[in-house]
Amino acid sequence: MNNLNTLHLEDLPQDETLLQQITQKQVLYFQEHLLEWFEREGRHDLPWKPQAQFSEKINLYRIWISEIMLQQTQVVTVLPYFERFMAAFPTPEDLAKASEEEVLKLWQGLGYYSRARNLHAASKQLVLEFNGIIPPDFEAIRRLKGIGDTTANAILAQGFNLPFAILDGNVRRVLTRITGMMAPRKELDKRLKPFSETFLCRQNPADYTQAIMDFGATLCKLKPLCERCFLQQYCSAFIHEKVAEIPAKPIKKKNPTESVALILYWTETNQILLEKRPTKGIWGNLYSLPELLLQGKDQKSTSSAIIHEKTLNDFPHKKQLANIRHQFTHYTLEASLFKIPVSDEYLKALISSQNLKNYRMVTVNDALLLPKPQPIAELLNQIATNSLAQTLW
DNA sequence: GAAACGTGGGC
DNA sequence: TGCCCAAGTTT
């Protein structure tokens with residue numbers, strides 16, 4: 001077990017050579033220490049894992065839901081969503097017969113809403129094609145919407161205890177540091193794959209998989225706790241003091257800003273106008289306030305945009321209630337919220353005359369029940385509780 | 001195949 | 001405050 005520490009960050013030998021250098025003894029060292037660490041310091045109370053003390057059996061549906069929620073999302077964030085989701089949809093059949101709106105409502109705030117839409121569609125796939133039972137079949141699982149290679153492997157390893165090696169963000173971080181591998185993401189994954197399979201503990205794929213992910217998430221994280229690590233002497237990144245540089249960060253692109261006006265039509269019966277956003281694009285299929293693009297890319301003049309522009313220009317009594325900044329991964333959204341007092345009749349006429357499909361006239365209280373983007377939900381909550389209205393009405 | 005797709009937390 | 005990051009998949 002003395003060859004892992006001969007790996008170099010630069011002039012990396014061919015990966016085939018690296019693989020040959022890794023002896024069975026080293027693999028066992030890694031697996032044993034990792035599993036021992038997991039036993040001691042791993043997360044054993046995750047609600048999608050069976051609790052042994054209660055003699056719980058593995059529930060593949062719970063594993064599946066958790067894997068989808070955990071995509072690009074940390075465990076602490078997922079926990080409350082998972083509990084609410086499972087309470088509402090305990091089985092694939094429950095999920096399949098729910099409306100997409102119900103599913104999106106429970107997903108509200110969790111982000112990446114295509115996950116919820118795909119999950120809902122996949123539950124119907126599962127019920128129709130597989131009688132609601134996830135089969136131990138990579139190709140079949142992989143065909144379900146929202147399940148890619150990583151999630152398929154995770155389900156097979158975690159749910160069926162089968163020797164499928166995952167290569168997710170955690171495993172990638174761990175293995176790049178151990179090997180000192182530096183490469184662009186796609187090439188990196190290609191070269192890391194054989195390592196992930198070599199290290200996989202085939203006697204216990206489920207625990208091993210959870211162990212290496214816990215290890216990556218809690219110890220070998222972005223700012224790793226190397227002082228507590230059992231792999232120091234075998235970790236190329238640690239030995240070469242390059243822990244902070246590995247994995248290599250991709251070059252960042254600049255972050256554009258989009259400015260919009262949000263329109264709060266408001267009638268004497270406390271009704272407002274909401275738009276169900278198109279499936280494609282940001283916040284797909286969620287309900288949001290009518291918005292007018294002020295500045296940003298792909299300026300388009302839809303009929304509704306023209307109407308809202310006219311509205312903003314024509315109403316002298318509009319009030320600017322709030323300004324919002326919302327940071328997405330790839331751009332910043334600036335929004336100004338305008339209140340436009342109108343009559344019920346005006347709103348109804350507006351909807352029908354302009355044929356505003358996907359628009360709904362609802363009371364503020366009903367609006368709270370619809371799935372919405374998080375910043376819009378926060379605005380409407382403030383409005384409903386009058387905290388915004390009191391100061392600015 | 002690069003870009004799109006959310007949000008809350010760390011610093 | 002502003003920027004970076006986290007259990008990826010889809011188009």
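Residue numbers start from 1 in every chain, and the chains themselves are labelled A, B, ... in the order their sequence lines are given, proteins ahead of strands.
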Between A/T332 and A/E258, do the side chains contain a donor N or O and an acceptor N or O under 3.5 Å apart? no

Considering only side-chain heavy atoms of A/K252, which listed nucleotide, C/dA6, C/dC4, B/dG1, is closest? C/dC4

Atom-to-atom span, CD1 of A/I324 to P of C/dT1 - whole angstrom: 16 Å

If each of A/K145 and A/E67 is mapped to the nucleotide of DNA chain C with the nearest heavy atom, which maps nearer the 5' terminus, i.e. the 5' end? A/E67

Report the distance from atom CZ of A/R185 to atom C1' of C/dG8, rounded to the nearest whole Å. 8 Å

Report which part of the nucleic acid A/L46 touches: base, sugar-phosphate, or nothing (heavy-atom distance under 4.0 Å, all strands). base

Flag the pair A/E36 and A/R40 as a salt bridge only when some basic side-chain nitrogen lies within less than 4.0 angstrom of an acidic carboxylate oxygen. yes

A/R173 side chain near C/dA6 phosphate (N/O to OP1/OP2, under 4.0 Å): yes

Any salt bridge (charged side-chain N to carboxylate O under 4.0 Å, His left out) involving residues 271-280 of chain A? Give me the pairs, sequence neighbours left out, ordered by first then second residue. A/R277-A/E291

Work out how far the P atom of C/dT11 is from that of B/dG6, and round it to whole angstrom. 13 Å

Whole angstroms only, please: what is the CD1-P distance between A/I141 and C/dT9? 13 Å

How many whole angstroms separate atom CD1 of A/I251 from atom C1' of C/dC3? 17 Å

With a 6.0 Å cut-off on the ring centroids, do A/Y113 and A/W283 count as close? no

Taking the six-membered ring of A/Y112 as reference, does the NZ or CZ atom of A/R115 fall below 6.0 Å from its centre and within a 45° cone about the axis? no

Under 3.5 Å, is there a donor on one side chain and an acceptor on the other for A/T363 and A/N270? no

Answer with base, sugar-phosphate or nothing: what part of the nucleic acid does A/D149 contact at a heavy-atom distance below 4.0 Å? sugar-phosphate

Over all strands shown, is A/T151 touching base, sugar-phosphate only, or nothing at heavy-atom distances under 4.0 angstrom? sugar-phosphate

Measure the distance from NZ on A/K186 to P on B/dA2 and round it to the nearest whole Å. 7 Å

Ion pair check, A/D189 and A/K186, cut-off under 4.0 Å: no

Do nucleotides 3-11 of chain B as a string where each nucleotide becomes B, S or -: B if the base has a protein heavy atom under 4.0 Å, S if just the sugar-phosphate does, - if no protein is that close. SSBBBS---

Could you check whether A/W107 gets within reach of a base, just the sugar-phosphate, or nothing at all, counting any heavy atom under 4.0 Å? nothing

First of A/R325 and A/I147 reached from the 5' end of DNA chain C, by closest nucleotide: A/R325

Nearest-Å distance, NZ (A/K249) to P (C/dC5)? 6 Å

Length of the CG-C1' vector between A/L167 and C/dG8, whole Å: 11 Å

Rounding to an integer number of Å, can you tell me how far A/I166 CD1 sits from C/dG8 C1'? 11 Å

